[in-house]
Amino acid sequence: MTSRKLFVNLPVADLERSMAFFSALGFTYNPQFTDDKAACMIFSDEACAMLLSAPFFRTFTQRELCDTRRATEALFALSCSSRAEVDDLVRKAVAAGGTVAMPPTDHGFMYGHSFYDLDGHHWEVLWMDPAVP
């Protein structure tokens, strides 16, 4: 199977503020795909999130945008290398203005926690024990 890149597109109310929020969590941006309407936030060589100003996002759809203050559009899951990194990322998100979405969960082989970003997008942060197949 061919390897594919993933670009998740998210509408944001204030692009600069959202970029600052995710920068505080340690994420960087690809300047080739970042301007005053959009920012390409890098997760890995294969996955990015495009933070799009809401008016620009609307040019890509004929449907109404989800009001993430009242409804969940999706769960965006990010893997971490340890339980401590999970907690640290959620702590950084809250310190940067986000809010805790759900309490931490511990399944032994998998540990997770979650937060809402400034626009109400739900981020799941998780660690999975590499020794468990």
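Atom set for the values below is all heavy atoms of this structure, side chains included, hydrogens, waters and symmetry mates excluded.
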Would you call the rings of His107 and Phe109 parallel, tilted or perpendicular, taking 30° and 60° as the class edges?
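Because their plane-to-plane angle lies in the 30° to 60° range, the rings of His107 and Phe109 count as tilted.
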
Is the ring pair Phe43/Phe27 parallel, tilted or perpendicular, if the boundaries are 30 and 60 degrees?
perpendicular

Answer yes when Lys37 and Asp35 have at least one side-chain N-carboxylate O distance shorter than 4.0 Å, and no when they do not.
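No.
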
Under the salt bridge (charged side-chain N to carboxylate O under 4.0 Å, His left out) rule, what pairs show up with a residue in residues 77-91, not counting sequence neighbours?
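Sorted result for residues 77-91: Arg83-Asp106, Asp88-Arg91, Asp88-Lys92.
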
Test item: Tyr29 side-chain N/O and Met19 main-chain N/O as donor-acceptor pair under 3.5 Å:
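Confirmed, Tyr29 side chain pairs with Met19 backbone.
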
Is it true that a side-chain atom of Ser114 and a backbone atom of Met102 form a donor plus acceptor pair closer than 3.5 Å?
yes

Nearest 0.5 Å please: distance from the CD atom of Glu16 over to the CG atom of Asp36.
10.0 Å

Once rounded to the nearest 0.5 Å, what's the spacing between atom CG of Leu51 and atom CG of Asp14?
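If I round to the nearest 0.5 Å, the distance is 11.5 Å.
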
Is any side-chain heavy atom of [X] closer than 4.5 Å to a side-chain heavy atom of [Y]?
{"X": "Leu89", "Y": "His113", "value": "no"}
{"X": "His121", "Y": "Pro11", "value": "yes"}
{"X": "Phe115", "Y": "Leu25", "value": "yes"}
{"X": "Asn30", "Y": "Cys48", "value": "no"}

